[in-house]
There are 2 protein chains.
Amino acid sequence: MTSVLVCDDSPLAREALRRAVATVPGVERVTTAANGEEVLRRWGADRSDLILMDVRMPGLGGVETVRRLLSADPGARIIMLTVSEDLDGVALAVAAGARGYLHKDASRAELRATVTQALADPTWRLAPRRLRSTEMGAAPTLTAREIQVLEGMSHGRSNAEIGRELFLSEDTVKTHARRLFKKLGASDRAHAVALGFRWGLVR
Amino acid sequence: MTSVLVCDDSPLAREALRRAVATVPGVERVTTAANGEEVLRRWGADRSDLILMDVRMPGLGGVETVRRLLSADPGARIIMLTVSEDLDGVALAVAAGARGYLHKDASRAELRATVTQALADPTWRLAPRRLRSTEMGAAPTLTAREIQVLEGMSHGRSNAEIGRELFLSEDTVKTHARRLFKKLGASDRAHAVALGFRWGLVR
DNA sequence: AATCCCGTAACTCTTTTGGGTGACCGTCGT
DNA sequence: ACGACGGTCACCCAAAAGAGTTACGGGATT
């Protein structure tokens, strides 16, 4: 019984990952967890063959969860997932014993290939890689500016106010807004903010 | 060492509660948890004298957490918190052994009085009550309609679309929107959606 | 009985938003 | 060297949003 545990605090990402992993040949069961605590709690009763876990999670972070998991079970195979470029977290996690990481921009095929390989070879370690985006259904990658603008929106600021805050013209803010709407598939700023929360891009 | 554990999945509500409880005379320590799992995990090592817990939480719900907590420790004193009128949940929780409940509209004074009393008398059970709002810093109470409108916004619908969906005129939707903005302290719909997420009013 | 809140709706007026388009400049990777 | 992308800015234009105000009927509370 080959089972994989997917852990991500964002419901949207979690579901997308679950569905993607479920299509991997040989995988019979995919369970999900929303945070590190849940992973640890579940690990006692129900060990999966592979864990895919987001680096950045509220509460117990991904790195700390890796540490605790491996101290409890040195054989656990863990692959970290990362949305943004928080390579620090990834590096720490790999140093702590994670088998490697996948950028969330990885294609669905890439993800499946990686999971397949990790399941087939218990000693396998991932060579860092990243590919195109959106195919996997993972969180769209927003640029730093776009996230700043999205955060401004989530604080109720108008485009003009965001511009003043970031020393940009209102027109530039509007450009960033339009681009991030497109990436998120949002129809307006309220929708964008909601998707930002659901994807875990803002808090 | 009198300590109280506050459990609510919404960060804003959690902080508001923590601060309110911390002002109660005799309370020396207030710890927080974001969900039922965390409460149970923490309970093993660190028992508080009183637990304030939201009824509605993701994952392990409040009611189920009460059950497990009491089966592990029949002496645990738990007061449920409820945002909306989900009296079903409250009734179940009280039936399961919670000492009573507080509506989140309770005033700060009300909350403090209740906590004081619950701490003073181990056998005490709360008589159901509810008071004015916003004093405690808890989530503003939105009406059913207002929440429906807010949800529509979070799905990227325009006022006109929301109106069509709910069989209301666009003007009526705008009225609900204006009222919920006022309650939440939101400057626009994007802000309202963000606050809705932070308060745990929408997902 | 008086009052408050909710739901419904309309009207006006100003501000903001969002789409479309074009443009210039760096940087990075090929 | 070329192209893609990100960041910057501008202009036009139609649609939407938000503020203010008024109003009426129905519950619930006092």
Side-chain angles (χ1 to χ4, degrees), chain A residues 84-85 87 103 105 128-134 140-196 201, chain B residues 84-85 87 103 105 128-134 140-196 201:
Chain A
S84 51
E85 307 298 335
L87 295 180
H103 200 265
D105 284 354
R129 48 176 89 177
R130 78 192 62 172
L131 292 184
R132 282 296 86 202
S133 74
T134 59
T141 304
L142 300 190
T143 66
R145 268 295 192 234
E146 285 161 354
I147 287 190
Q148 285 180 312
V149 170
L150 183 58
E151 276 170 350
M153 290 178 182
S154 84
H155 290 326
R157 315 215 203 291
S158 68
N159 291 332
E161 285 170 334
I162 296 171
R164 253 168 270 139
E165 210 165 14
L166 301 177
F167 305 104
L168 299 175
S169 79
E170 184 184 344
D171 281 317
T172 301
V173 175
K174 289 177 82 173
T175 300
H176 288 307
R178 252 177 288 117
R179 289 182 182 164
L180 79 88
F181 288 173
K182 191 138 207 152
K183 284 186 183 176
L184 291 173
S187 49
D188 57 35
R189 51 179 52 216
H191 196 195
V193 167
L195 293 170
L201 298 171
Chain B
S84 50
E85 308 297 335
L87 296 179
H103 200 264
D105 283 355
R129 46 177 89 178
R130 77 191 64 167
L131 293 184
R132 281 297 86 202
S133 74
T134 58
T141 304
L142 300 191
T143 67
R145 268 295 191 236
E146 285 160 355
I147 288 190
Q148 285 179 311
V149 170
L150 183 58
E151 276 169 351
M153 290 178 182
S154 83
H155 291 328
R157 314 215 201 293
S158 69
N159 290 333
E161 285 169 333
I162 295 171
R164 253 168 270 138
E165 209 165 15
L166 300 178
F167 304 104
L168 299 176
S169 80
E170 182 183 346
D171 282 319
T172 299
V173 175
K174 287 176 89 171
T175 299
H176 288 307
R178 247 176 292 117
R179 288 182 182 165
L180 78 88
F181 288 173
K182 191 136 207 154
K183 285 186 182 176
L184 291 172
S187 49
D188 58 34
R189 50 181 52 218
H191 196 196
V193 166
L195 292 170
L201 298 172

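Letters go in sequence order (proteins before strands), and every chain restarts at 1. Because only heavy atoms are used, hydrogens play no part in the values below, and waters and symmetry mates are left out as well, while side chains stay in.
- Between the C1' atom of C:dG18 and the NE2 atom of A:H191 lies a distance of 15 Å, rounded to the nearest Å.
- With hydrogens and angles ignored, no donor-acceptor pair closer than 3.5 Å exists between the side chain of A:R157 and the base of C:dT17.
- Residue B:S169 places its side chain closer to C:dA10 than to any other of C:dT8, C:dA10, C:dG18.
- In this structure, B:M153 and A:A190 approach most closely via the heavy-atom pair O-CB, 3.7 Å.
- Side-chain to base pairing of A:T175 with D:dC9: one donor and one acceptor N or O lie within less than 3.5 Å of each other.
- For B:F181, counting side-chain heavy atoms from C-beta on, the closest listed nucleotide (D:dC9, D:dA19, D:dG6) is D:dA19.
- For A:Q148 and D:dT8, the CD to P distance is 9 Å, given to the nearest whole Å.
- Within 3.5 Å, no donor on the side chain of A:R178 pairs with an acceptor on the base of D:dT8, nor the reverse.
- Within the 4.0 Å cut-off from OP1 or OP2 of C:dG7, not a single side-chain nitrogen or oxygen of B:K174 is found.
- Using a 4.0 Å heavy-atom criterion, one finds that B:R179 contacts the bases of the nucleic acid, with or without backbone contacts as well.
- For the pair B:D188 CG and C:dT16 C1', the interatomic distance rounds to 9 Å; values are reported in whole Å.
- Rounding to whole angstrom units, CG of residue A:L142 and C1' of D:dG7 are separated by 15 Å.
- Heavy-atom distances to DNA chain C give each of B:E146 and B:D171 a nearest nucleotide, and the one nearer the 5′ end belongs to B:E146.
- Between A:L201 and A:L184, the closest side-chain pair of non-hydrogen atoms falls below 4.5 Å.
- Side-chain proximity of B:L168 to D:dG7, C:dA9, C:dC6: nearest is C:dA9.
- Evaluated for a side chain to side chain contact (heavy atoms under 4.5 Å, CB included) with B:R179, the options B:K174, B:E146, B:R145 yield exactly one hit, B:E146.
- Distance CG (A:N159) to P (D:dC9): 14 Å, rounded to an integer number of Å.
- B:R145 comes within contact range of the sugar-phosphate backbone alone, with a heavy-atom separation under 4.0 Å but no base atom that close.
- A donor-acceptor pair under 3.5 Å is absent between the side-chain atoms of B:S154 and the main chain of A:A194, judged by distance alone.
- Exactly one of A:E151, A:H176, A:R157 qualifies for a side chain to side chain contact (heavy atoms under 4.5 Å, CB included) with A:I162. That residue is A:R157.
- Nearer the 5' end of DNA chain C, as judged by each residue's closest nucleotide, is the contact made by B:H176, out of A:A177 and B:H176.
- Residue A:T172 is classed as a base contact, given a heavy-atom separation below 4.0 Å to a base.
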